[in-house]
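What you see is a predicted model; the values in this text were computed from it and never measured. Atoms within each ligand, like the ligands themselves, are counted from 1 in listed order.
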Amino acid sequence: MPSPVLNVVVLAAGKGTRMRSNLPKVLHPVAQKPMVQHVLDTALLIGAQQLQLVYGHGAEQLQAHLADFSQQHGVNWVEQAEQLGTGHAVQQVIPHITDNDTVLILYGDVPLTRPETLQNLLAAKADNALALLTVTLPDPTGYGRIVRASNGAITGIVEHKDASAEQHLITEVNTGMMAADGKALKRWLSQLDNNNVQGEYYLTDIVAMAAAEGVHIASSQPAEIAEVEGANNRVQLAALERAYQRRKADELMIAGATLMDPARIDVRGNVSVGEDVVIDINVVLEGNVSIGDGAVIEPNCVIRDSVIGAGARIKANSVLEGAEVGNSAQAGPFARLRPGTKLGEGAAIGNFVEVKNTVFGMGAKAGHLSYLGDAEIGAGANIGAGTITCNYDGVNKHKTAIGAGAFIGSNSSLVAPVTIGSMATTGAGSVVTSNVADNELAVGRAKQRNIAGWKRPVKKDNK
Ligand code: UD1
Ligand code: MG
């Protein structure tokens with residue numbers, strides 16, 4: 001027999017009424033990513049070869065959000081027009097299950113399951129036709145209970161609403177996630193009925209069917225409860241967000257970062273840190289961010305899709321997007337680095353400086369109150385306070401080139417396209433419209449006149 005194909009079924013048909021939202025429940029985000037996207041990403045991490053998404057409510061929105069992923073990874077969209085139960089949901093996938101598949105069933109509103117936990121579940125299933133992911137909860141109210149015989153063998157799952165008083169005492173519950181052989185699963189699914197308190201087709205009824213066939217039902221457990229928790233309302237969603245953020249904070253600390261308060265950092269993407277990084281409070285990291293050894297991020301910074309070099313310091317209240325900050329470079333406080341900013345080693349950007357699509361050479365500085373866009377600034381250049389690159393003529397963007405060691409006087413307007421040579425100087429307050437050669441001084445401002453004998457006006461009598 002060829003080795004089994006891992007066929008992952010994600011249930012996402014529910015409406016999620018309790019979210020009180022126009023957005024389908026599974027699209028509500030944890031760390032800025034839809035819950036169902038977390039589930040699909042995890043499925044890929046464990047080597048899913050086929051992905052089935054059972055959808056019902058909010059089809060258009062789901063398709064809009066997942067279009068790129070779906071196309072890239074060949075998601076099979078399976079409609080469950082009416083939500084008649086979890087068993088009914090999986091029944092819709094029967095035409096897309098082959099006998100040789102290993103089918104893994106996941107829930108689109110349970111985003112925090114770790115890949116290792118699912119790998120353990122698949123390992124438990126290996127030699128058995130069915131394996132369940134179960135968890136023991138201090139308060140099992142509402143969950144399906146795992147029923148075991150006196151020898152410990154699983155014999156069935158009974159839903160809370162169908163359970164006896166005695167069964168209500170069982171604290172081992174069904175997470176809903178399970179792995180099954182394709183052939184057996186199809187057989188069991190075709191035998192489901194809805195003779196129960198809720199009048200639903202329960203997926204969980206397949207467990208008693210398997211037991212009746214003499215199948216050994218394996219089980220495994222997650223490392224932490226948050227891995228199997230779903231969100232039915234925004235309170236639970238916020239709890240998942242915190243659980244996720246705590247996990248991310250722990251990962252950063254394990255990797256060598258000191259977090260001044262692990263409860264006051266938010267990671268919304270892929271972040272890597274070197275050793276001895278220090279991240280102060282209220283820092284938000286989004287997209288792909290890497291922070292080099294010994295770098296310091298001061299409080300209240302937002303850093304998106306950026307690379308921070310070793311020993312760099314991002315001072316308080318700075319906002320970075322698409323920036324590369326070189327080793328030992330500095331930015332802030334109150335700096336704004338926009339896409340295409342590259343700071344060379346030891347470069348320094350001060351307060352209220354906005355930089356866009358601009359390369360700063362080694363050790364170059366812009367200390368205060370500037371807009372620098374579409375510019376190339378040579379090593380060691382000094383950009384005075386209030387300097388503006390006038391890069392936009394209302395139609396096109398133009399480039400400003402500033403040579404190494406240049407000194408741009410305060411309040412200079414550099415009207416692009418313009419080139420300022422190396423070691424050149426511009427006088428404060430200059431409007432520079434033509435190129436300045438190396439070592440030259442450019443002064444482009446009205447000449448000062450002093451008027452001797454000038455009399456200040458005197459205040460007129462108030463009548
Ligand atoms: C289900 C389990 C229960 C388990 C619990 C864990 C059954 C019968 N019960 O109960 O044993 O303890 O999950 O949370 O399986 N869905 C569909 N189509 C449907 C019905 C549900 O796609 O027709 C999806 C929902 O969107 C949701 C998931 O399946 O993501 C679970 O459905 P839900 O109604 O929450 O099941 P529970 O009653 O909580
Ligand atoms: Mg539920």
Is the shortest distance from a Lys or Arg side-chain nitrogen in R145 or E172 to a carboxylate oxygen in the other one below 4.0 Å?
-> no

Check whether any heavy atom of V54 sits under 4.0 Å from an atom of ligand 1.
-> no

Is the shortest N/O to N/O distance between L203 and ligand 1 below 3.5 Å?
-> no

Ligand 1 versus Q80, non-hydrogen atoms closer than 4.0 Å: side chain, backbone, both, neither?
-> side chain

Ligand 1 and G14, any nitrogen or oxygen pair closer than 3.5 angstrom?
-> yes

T86 N/O to ligand 1 N/O under 3.5 Å = yes

Part of L84 with heavy atoms under 4.0 Å of ligand 1, whether side chain, backbone, both or neither = backbone

List the steps and the verdict of salt bridge (charged side-chain N to carboxylate O under 4.0 Å, His left out) for R242 and D266.
-> CA-CA 9 Å; R242 283 302 102 207; D266 281 75; 2.9 Å; yes

Compute the shortest N/O to N/O distance between N174 and ligand 1 and return yes if it is under 3.5 Å, no if not.
-> yes

What part of A13 sits under 4.0 Å from ligand 1 if we count only heavy atoms: the side chain, the backbone, both or neither?
-> both

Run the numbers for me: atoms of ligand 1, each under 4.0 Å from some heavy atom of Y202, listed by number.
-> 8 (C)

For side-chain contact (heavy atoms from CB on, under 4.5 Å), just list the numbers for T175 and Y107, CA-CA rounded to whole Å, side-chain angles, deciding distance to a tenth of an Å, and then say yes or no.
-> CA-CA 9 Å; T175 64; Y107 287 25; over 6 Å; no

How many angstroms lie between SG in C390 and NE2 in H398, if you round to the nearest 0.5 Å?
-> 11.5 Å

Give the ring-plane orientation class for H160 versus H168, where under 30° counts as parallel, over 60° as perpendicular and anything between as tilted.
-> parallel

Does a side-chain heavy-atom distance below 4.5 Å link N76 with H96?
-> yes

Looking only at heavy atoms, is any part of Y107 under 4.0 Å from ligand 1, and if so is it the side chain, the backbone, or both, or is it neither?
-> side chain

Hey, is T175 touching ligand 1 through its side chain, its backbone, both or neither, going by heavy atoms under 4.0 Å?
-> backbone

So the atoms of ligand 1 within less than 4.0 Å of a heavy atom of G144 turn out to be 3 (C), 4 (C), 11 (O), 12 (O)

Considering distance alone, does some N or O of G85 sit under 3.5 Å from an N or O of ligand 1?
-> yes

Could you tell me whether some N/O pair between E159 and ligand 1 is separated by less than 3.5 angstrom?
-> yes

Relative to the ring of Y244, is the ring of H38 parallel (under 30°), tilted (30 to 60°) or perpendicular (over 60°)?
-> perpendicular

Under a 4.0 Å N-O cut-off, is there an ion pair linking K183 with D101?
-> no

